[in-house]
Amino acid sequence: MNISKGTWEVDTKKESGGYYIACRAKDGEGESVAFAFPMPEDETLANAHLIAAAPDMYEALKDICSNYQRIEFIKAEWLEALAKAEGKQ
């Protein structure tokens, strides 16, 4: 899967009523990869966090599918992905 490489995160500076999702490379440089359009405030920020967590959730699901016999070892990755999606990380 060819996606923007790096850490996806929500830019907490609100613009035009919504939030940009940036992909940051290891050197700290970043570029916008998505925009969460304005909705009721709690939905806009939640949507932005969910988009930012998408690559991590994809990797966690990929691990589940390829390592289903070792589920207890990857449970921490699931919890980290969920925390990011919920804006807790």
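Numbers here are sequence positions counted from 1.
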Rounding to 0.5 Å, atoms CG (L45) and CG (L50) come to a distance of 11.5 Å

Tightest non-hydrogen contact, residues M39 and T44, listed as N-OG1, 2.7 Å

Sorted by chain and residue number, the ring-ring contact (aromatic ring centres under 6.0 Å, His included) partners of F35 (sequence neighbours excluded) come out as Y20, F37

Taking every heavy atom of A53 against every heavy atom of A81, the minimum-distance pair comes out as CB-O, 4.1 Å

Which of V10, V33, I21 passes side chain to side chain contact (heavy atoms under 4.5 Å, CB included) with I51? It is I21

Residues W8 and P55: closest non-hydrogen pair is CD2-CG, 3.3 Å

d(K84 NZ, E9 CD) to nearest 0.5 Å is 7.5 Å

P38 and G18 have their tightest heavy-atom pair at CG-N, 4.0 Å

